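Structure first, then comments.
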Amino acid sequence: IGGLLSATLMFGLTAGVASYPALETKAEENEKVTVVATQTSGEGVIDVSDYEVVINVNEDYTVEVTETVTVKFVDETANSFYRSIPHSAGAISSVSVSCEENAEFYYVLVEEFNSVKIECFGGVATDKEWTYEIGYTVALDANSINEQFVFNIINDGWQNTVENIVIDIEGTEIAL
């Protein structure tokens with residue numbers, strides 16, 4: 001089922017990425033790692049030069065996610081960077097956020113309808129670049145998982161340039 005899990009995740013991730021005006025998409029897959037690399041574009045106040053996601057799917061239907069996002073602020077109206085996680089607040093736990101070398105950094109969690117927004121503040125200025133590390137766990141509903149499992153990594157909320165996307169997925173065998 002590990003192969004099925006990876007293949008299904010790959011399908012879901014590619015479908016999510018394809019909804020953007022992608023300039024280039026490449027995918028590689030082996031037994032434990034699925035990598036999707038693409039470039040998306042849009043008008044925004046930030047550019048994301050690197051976006052790496054590590055996902056571990058656990059036997060207990062939880063998904064541990066670590067995102068490393070390198071952000072450059074390109075518009076003087078920017079006052080924060082935020083990441084919206086498309087799951088209900090009750091499904092999200094163990095949130096951790098850091099921004100090394102940014103002494104002004106702090107973050108807040110905002111519960112929204114069917115999502116949790118992690119908003120990062122401090123050190124924001126035009127042409128300033130920071131790398132944020134965001135970690136969280138998502139508890140999935142075991143009853144809603146069947147032969148397919150789709151986990152939305154890049155949703156339609158990203159209104160900016162995103163380059164160099166790498167996604168590493170490791171899964172535990174899950175009995176369906």
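Remember, predicted model here, so these are calculated numbers, not experimental data. All residue numbers in this chain count up from 1 along the given sequence.
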If the condition is side-chain hydrogen bond (donor to acceptor under 3.5 Å, both in side chains), which residues does Glu76 pass it with, not counting sequence neighbours? none
With rounding to the nearest 0.5 angstrom, report the OG1 to CG distance, Thr137 to Asp60. 9.0 Å
Atom pair OG1/CD1 of Thr66 and Ile134 - distance to nearest 0.5 Å: 10.5 Å
Can you tell me which residue among Val69, Val71, Thr68, Asn102 is in a side chain to side chain contact (heavy atoms under 4.5 Å, CB included) with Thr131? Thr68
Which residues pass the side-chain hydrogen bond (donor to acceptor under 3.5 Å, both in side chains) test with Asn79, not counting sequence neighbours? none
List the residues meeting salt bridge (charged side-chain N to carboxylate O under 4.0 Å, His left out) with Lys117, not counting sequence neighbours, and say none if there are none. Glu112, Glu119
Qualifying residues under side chain to side chain contact (heavy atoms under 4.5 Å, CB included), relative to Ser49, sequence neighbours excluded: Thr70, Glu129
Which ILVMFWY residues can you reach from Val54 by hopping between side chains whose heavy atoms are under 4.5 Å apart? none
How long is the span from the CG atom in Asp127 to the NZ atom in Lys72, to the nearest 0.5 Å? 5.0 Å
Examine Val74 and Val162 and state if one hydrophobic cluster contains both, with Ile, Leu, Val, Met, Phe, Trp and Tyr joined whenever side-chain heavy atoms are less than 4.5 Å apart. no
Least distance between heavy atoms, Ser84 atom then Ser115 atom: OG-OG, 3.6 Å
Contacts of type side chain to side chain contact (heavy atoms under 4.5 Å, CB included), residue Ala139, not counting sequence neighbours: Thr62
Among residues at least two apart in sequence or on other chains, which ones pass side-chain hydrogen bond (donor to acceptor under 3.5 Å, both in side chains) with Glu111? none
For Val110, the hydrophobic cluster (side chain heavy atoms closer than 4.5 Å, chained through members) also holds Tyr106, Val108, Phe121
Interatomic distance, CD1@Ile85 vs OH@Tyr136, rounded to 0.5 Å, equals 3.5 Å
If the condition is side chain to side chain contact (heavy atoms under 4.5 Å, CB included), which residues does Val53 pass it with, not counting sequence neighbours? Tyr51, Ile55, Val65, Glu67, Ile153, Ile167
Nonpolar side-chain network containing Phe113, other nodes, edges under 4.5 Å: none
Any donor-acceptor pair under 3.5 Å linking the side chain of Trp130 with the backbone of Gly123? yes
Distance-minimising heavy-atom pair for Ala125 and Phe73: O-CB, 3.3 Å
Going by side-chain hydrogen bond (donor to acceptor under 3.5 Å, both in side chains), name the pairs with one or both residues in residues 90-101, residues two or more places apart or in two chains. none
